[in-house]
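Computed from a predicted model, the values in this text were never measured in an experiment. Quick note on labels: first sequence line is chain A, next is B, and so on, each numbered from 1.
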2 protein chains.
Amino acid sequence: MSTSPQPNEQPTGLPAALPAALPAALPALPALPHDSIAELSHDFRLANSRLTRRLRQQRADDELTAGQFSALCSVYSSGPLTLSELSEHERVTPPSMNRTVNALVAAQLVKRENAADDGRKVILTASEAGGALVQETRERRDAWIAQRVMKLSPEQQQVLAEATLIMKELAEN
Amino acid sequence: MSTSPQPNEQPTGLPAALPAALPAALPALPALPHDSIAELSHDFRLANSRLTRRLRQQRADDELTAGQFSALCSVYSSGPLTLSELSEHERVTPPSMNRTVNALVAAQLVKRENAADDGRKVILTASEAGGALVQETRERRDAWIAQRVMKLSPEQQQVLAEATLIMKELAEN
DNA sequence: TATTGTTATACTCTATAACTATA
DNA sequence: TATAGTTATAGAGTATAACAATA
């Protein structure tokens, strides 16, 4: 309630109306519909969470849940991880991640082992079945969104690719 | 499992490597790190859900949850809505939305009334307190992301604005 | 009969607090 | 004492199935 809205003090802050300040480098894109960074941020945030819900709707009954699959992908592609490392990467608390890991270990998709050098740590690794599941399921899970991304223009696809980088960056800080 | 990965048959489908096919309209943006639409879709999906979790982490204890605030914003800015309309907009089932609405009604932020023309329907409207809460809380809730968006380059801000439109479109279909 | 909303129930996701084991 | 992980507990979010009221 008492937090002020940060009147543009940043070097790259824009003066309320964005388009005029742009160096005309993006002619193919339509004008921004947002009057301010606050409005853009608000819109983006709501769009993000609604899209997450939309994607959740799409999941088939026999598939891992979104959280489980995301955690499995991280373990599989980012190598062996401790619980803390995984929970930080997934942006949840260790107890939350532990519950997800329990489900994955019970399904024999992830192996949980004690670290050799530090008895407090556990090392999480994707099992052979876990790695196979990622590879097999990935295309099917992504089919819904991939079909739609495929129908976008090359420019829009470029926008999504760029946005993905920005979103990763935002999620990490 | 049996769903095939759709070998680029779409008119706008790109031939596995994106950059070469682009009409050189976006010189300021770096080359795409994705080899295929499947990979972009996968990355984008995971980034989206991780960012949602990151944003959830940011919520203060005395604020509405993400789902409650999103629903309140929809009722407030998209006028009176029936339960079905709201649940479709928020991309959850009517029973799920009903639970959220119950919380908002209990907090006297939303009014639930019977529709005059159709006794089966309910009309949801933001109360005066609900509208005031949206306006008061919005800046504070968005402060975290707005601060970060403010530090992005104008080009990156443009990307986010464009991506927001695409994400809204994706969530609606 | 079909539609709209609600209740009942269950499972996942998430968090905080408190505990154990190790460093 | 500090750190890594786990267990206990609780609340929010979500869904399906079943039900009630209305059209």
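When each of D:dA23, D:dT6, C:dA21 is scored by its nearest atom to the side-chain atoms of A:R120, the top-ranked nucleotide is C:dA21. With distances taken from any side-chain atom of B:P94 to the nucleotides D:dG5, C:dA15, C:dT6, the minimum falls on C:dT6. Nearest nucleotide to the A:D118 side chain, out of C:dA23, D:dT16, C:dT6: C:dA23. The side chain of A:P95 lies closest to D:dT7 when the candidates are C:dT14, C:dG5, D:dT7.
A straight line from CD of B:Q57 to C1' of C:dT16 spans 14 Å, rounded to a whole angstrom. Rounded to whole Å, atom P of D:dG13 lies 18 Å from atom CZ of A:R59. Look at CG on B:D61: it is 7 Å from P on C:dT16, rounded to the nearest Å. Rounded to an integer number of Å, the gap from B:K121 NZ to C:dA2 P is 18 Å.
Side-chain atoms of B:R148 come within 3.5 Å of backbone atoms of B:W144 as a donor-acceptor pair (strictly under, hydrogens ignored). Checked by atom type and distance alone, the side chain of B:S87 pairs as donor or acceptor with a backbone atom of B:S84 at under 3.5 Å.
Contacts of B:R112 with the nucleic acid, taken as non-hydrogen atoms under 4.0 Å apart, involve only primed sugar atoms and P, OP1 or OP2. As judged by a 4.0 angstrom heavy-atom cut-off over every strand, A:R99 is placed among the base-contacting residues.
Each of A:G67 and A:G119 has a nearest nucleotide on DNA chain C; the 5'-most of these lies closest to A:G67. Take the nearest nucleotide of DNA chain D for A:I123 and for B:T100: the residue whose nucleotide is more 5' is A:I123. The residue among A:A116 and A:A66 whose nearest nucleotide of DNA chain C is located toward the 5' end is A:A66.
Phosphate proximity of D:dG13 to B:T65: present, with a side-chain N or O under 4.0 Å from OP1 or OP2. Side-chain N/O atoms of B:N98 include none lying less than 4.0 angstrom from OP1 or OP2 on C:dG5. Regarding contacts with the backbone of C:dC13, every side-chain N or O of B:R53 stays at 4.0 angstrom or more from both OP1 and OP2. Proximity of B:T93 to the phosphate of D:dA15: a side-chain N or O atom is located under 4.0 Å from OP1 or OP2. When the side-chain nitrogen and oxygen atoms of A:Q68 are compared with OP1 and OP2 of C:dC13, one or more of them lie within a distance under 4.0 Å. For the pair B:T82 and C:dT4, the criterion of a side-chain N or O lying under 4.0 Å from OP1 or OP2 is not met. Dashed line: the shortest gap from a side-chain N or O of B:S96 to OP1 or OP2 of D:dA15 is under 4.0 Å.
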